Structure formats: structure tokens, C-alpha cells
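One structure below.
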Protein chains: 2
Amino acid sequence: MQKSVLRPSVAAETAPLSAHDRVYRGLRQQIMHGELPPGHALTLRGIGKSFGVSMTPARESVRRLSAEGALTLSASGRVTTPELSNERIEELASIRALLEPELGSRALRRAHLALIDRMDIINEANARAVNQQNPVEYIRTNLEFHRTLYLRAQSPAMLGLLETVWLQLGPTMRALYTRLRRTTAPPHHRLILEALRAGDDAALRLALRTDVTQGLRHLQA
Amino acid sequence: MQKSVLRPSVAAETAPLSAHDRVYRGLRQQIMHGELPPGHALTLRGIGKSFGVSMTPARESVRRLSAEGALTLSASGRVTTPELSNERIEELASIRALLEPELGSRALRRAHLALIDRMDIINEANARAVNQQNPVEYIRTNLEFHRTLYLRAQSPAMLGLLETVWLQLGPTMRALYTRLRRTTAPPHHRLILEALRAGDDAALRLALRTDVTQGLRHLQA
DNA sequence: AGTGGGAATTTGTGATCACAATTTCGGATG
DNA sequence: CATCCGAAATTGTGATCACAAATTCCCACT
């Protein structure tokens, strides 16, 4: 492993991006987007190798992610993606049901047409992912649909908490959506867009809440 | 620094407790209880020395805590406690106002008399801390009052998120309570206890919400 | 063929080191 | 007396290493 001898190329002038950051972001995305099933085992040396770094940044990333609930550390320090109990899944869903309507409501006042159009496009990509039965792409576009809206709420701390919840649900969502191989797009996205266009706060809150709870209630069945 | 040669003594049979855990917990408590003012600078070597460990566990703890918003990393990697903007403080307060009534409501069904008595005792300690003008003890007992209730909600994920918010507010709360040297105990704790005894869900939610928002609205004045 | 045990391997932990970047401090200069 | 520049000290980063604990694997034995 060479030191940080090679300067950041002219292209990446925005941020040198530390090794820890690259590993953290990479792992986080894999987990949130459902690229890893629940219970999937990881090793520090393996993570380091796959990102071309030593164990040190890998360990820091794992510690950070396990603090956020994105990874589980066994008593002996073994690293796996979490296998959530039904209770835990319901609790996380209820947190989503609490935070997401609030974020949506805050975004509503600031939402303009270009935003809604953008959400429409993302929603179409989401529908395509359903047809292709591509769980990772489905989860990714679904989260992007919601995040695009919530970014307008200008509430970074609340969005940060919500993303932590999404992160914890990543592997479980993958397991759910690959198991029941859904063939129809989430029906509530349409309601969300309609409420946005109408500027109807109550309808938006309701649509977001049902979208969240419905999506995860498929599990019990 | 010796290796981990000395076996855990017979007394501490519950958990050997890794170096990282000791440092993380220690720092976290200092921050959450307001032992550090906003903008306070820390160094990895200093943290390591004060806990009797090397830089490695100190770095992991700092990474973890900064991921939770309890510490700020400057562009050059310098570590300080956060100096929150008014906007951020208000946002965190509104998150508390969202989560705490929900946790209280969930706890209400399971709350028995022994719990309420315990909260009463903690509340008296809280009042003593006010009289002694001891900010750290005030913050500690205040949080313990709330946490004692919320633990009954049996919602570990939601409580975890809330503690993250408390953590971010730690240094700011210290600054607030040392600046305005409050001399009266929080008036809403009485209302919370009454609502608990009466089993009144709506009153409890309201009391919790006002306790949270009132406590932090003192800032603006 | 199944089982138990012990060696070999894998794995996480924490200390240490080299290094670059930042910060700090002192003195020379205007 | 203020300011700026350069040297010295401080500090975070990431790689490497020794070590202990856990896991895996394989073979002898029943």
C-alpha cells in the first residue's frame, strides 16, 4: 500500500476525500440500498481490500455504521448486517410514520413545480425497477423519491435521523422485496404527488404515512 | 502502554469492556451532561492519555461521536464540540417535541406507581441541582427524569434516536443554563407527573411537549 | 459413518510509527 | 507597536505489527 503520495488529480478538486470517507460512504450505500441481505458477514480485512485501504479506515467505518444500527457487532467483534425482529421492524416503521409526514409537511410550503416534476421522473424509474424485479434499484429510487421531497423541508437534523432509520432497514427491505417479488408499483406515490400539486397538507401527511406503513406491512403477510 | 495482559478481575465478570467502549462512553457522557462548553477543542492524543489508551480507540470514538453529531470535525480534522446555530437548536427542539410525547404516550400504558415514585425522587434531585446552580447535575437529572419514563415505552430505536438529539444539545444546554443561571425548577415536571398518575394521555403529551419547547425557548430571550 | 479434539487459520483489538498538514510562536522588519 | 514570515511543535491519517480470541478444518478414534 503506497502512502498518500499521489496527489488528487485535477478532476477531483472539490474534495480529496479521505480513505475513511470513501469506505464509509461505499458501505453505507450498499447497506441502505439493500445490496446486502440480512445476516451477511463482513470482515475488516475484506472491506479494506475491496476498497484498496488498510484495516484502519475499514474499522472506523464499521464502528460508525454499527453505531448507526447499520451493522451488528457480535460479542466477539464479528461484523454482520442486522437481522431485525418483527418488533424492531414495526418500531422502525412507526418512526418513519412519525418523521416522514412531518418532513413532507415542512417541504410542502417550499415545494414548487420543478420539484414535483422531478419526483414524477424518479417515480417512473421506480415503476420500471418494479417491472424489472430489481430490488436494489427499486429501493434506491423509492428512497430517492422520498428524499427529494424531504430535502425541501430544510431540516437537516430530522432528515439525518430518518436516513439512519432507512439505513437500519436496508438489508430487511432487500429480503422483503426479493421474497415477495412485488409486481405493482407503490400505489401511494400517486397520492403523494396529487397532494403536493394541490398543496393539501392533511392529504400529504396521510399519503406519506400510509405509503410508509403499507410498504412495510407486506412483511407480516 | 501494556497490552491487555491483565485479565478482567473477578469483579467485572459482566463485561471486559473494550478500550474503545470505555472511551466512547466516557466522552459521550461528558458531552451529553454538558461538561464541555460549545466549541471546546479536543485532541486524539489528549483523549487517549486521559483514558489511558492509545490514539486508536480515541479515534474510533471521535469518529463515532461525530457521526452522531456530538462532535464536529473541521476540514483539517480538528475535533470540537458543536456550536449550534439558532436554527439548528430550534430544529432539534422540534424533534424532541415530536419524539418525546410519542415515547411518553407509549410508556403511559405500562407505567406503574413505582415508576412514578422514582421519577418523583429524580425530580427532587433536579430541583436541588437548580438551587445549587449546578448545570451538569441539572442536565443529568433532567435527562434521567425523561429517560426513566421513556424506558417504559419499550421502543429502543426511538429512544436511541432521541438520545442522539440530547447528545447534540449537550454543550449548548450547558451554555444556556450557565448563562441564565435559572433559579426555578422546570415547572412542567409537576404536570407530567400529574398526567401520569391520572393516566391522561392527552395531558401527558401536552405536558411533555411544553416542557421540551419551554426549556429551550429560554434561549431566544 | 459420526464424533470429538486439537492444530491451523482467520479475525478483531490496540499500540506504534512515518508522514503531511495545520497551527503556533518568536523574532525580524516596517 | 503592529505585521508578516519561517521554524518548531502539534495534530490527524493511514499502514503495519504483535497478540489473543474465535472459528474452521481435518484426522484419528469409536
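Since this is a predicted model, take the numbers as computed values, not measurements. Each chain gets a letter, A, B and so on, in the order its sequence line appears, and its residues count up from 1.
At least one side-chain nitrogen or oxygen of R63(A) sits closer than 4.0 Å to the OP1 or OP2 atom of dT13(C).
Rounded to a whole Å, the CG atom of L17(B) is 20 Å from the P atom of dG12(C). Per the geometry, CE belonging to M55(A) stands 16 Å off P belonging to dC19(D), to the nearest Å. The interatomic distance linking E60(B) (CD) with dT16(C) (P) rounds to 15 Å, in whole Å. Distance K49(A) NZ to dG12(C) C1': 16 Å, rounded to the nearest Å.
Under the 4.5 Å side-chain criterion, counting only non-hydrogen atoms from C-beta, N142(A) is not in contact with M173(A). By the 4.5 Å heavy-atom criterion applied to side chains, H188(B) and Q214(B) are counted as neighbours.
Each of dT23(C), dT13(D), dG14(D) was ranked by its minimum atom distance to the side chain of S76(B); first place goes to dT23(C). Considering only side-chain atoms of S54(A), the nucleotide from dC17(D), dA15(D), dA15(C) that sits closest is dA15(D).
In this structure, R209(A) places its CZ atom where only 12 or fewer heavy-atom neighbours from other residues, nucleotides or ligands lie under 6.0 Å away. Within a 6.0 Å radius of CD in E87(B), other residues, nucleotides and ligands contribute 12 heavy atoms or fewer.
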Please write out each protein N/O paired with an N/O of nucleotides 8-11 of chain D under 3.5 Å, distance rounded to 0.1 Å.
| from | atom 1 | to | atom 2 | distance (Å) |
| --- | --- | --- | --- | --- |
| dT11(D) | O4' | R78(B) | NH2 | 3.4 |

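For R59(A) against dG14(D), no side-chain N or O and base N or O form a donor-acceptor pair under 3.5 Å.
E144(A) has no carboxylate O lying under 4.0 Å from a charged side-chain N of R147(A), or vice versa, which leaves the two without a salt bridge.
Taking each heavy atom of P57(A) and A19(A) in turn, the nearest pair found is CG-CB, 4.0 Å.
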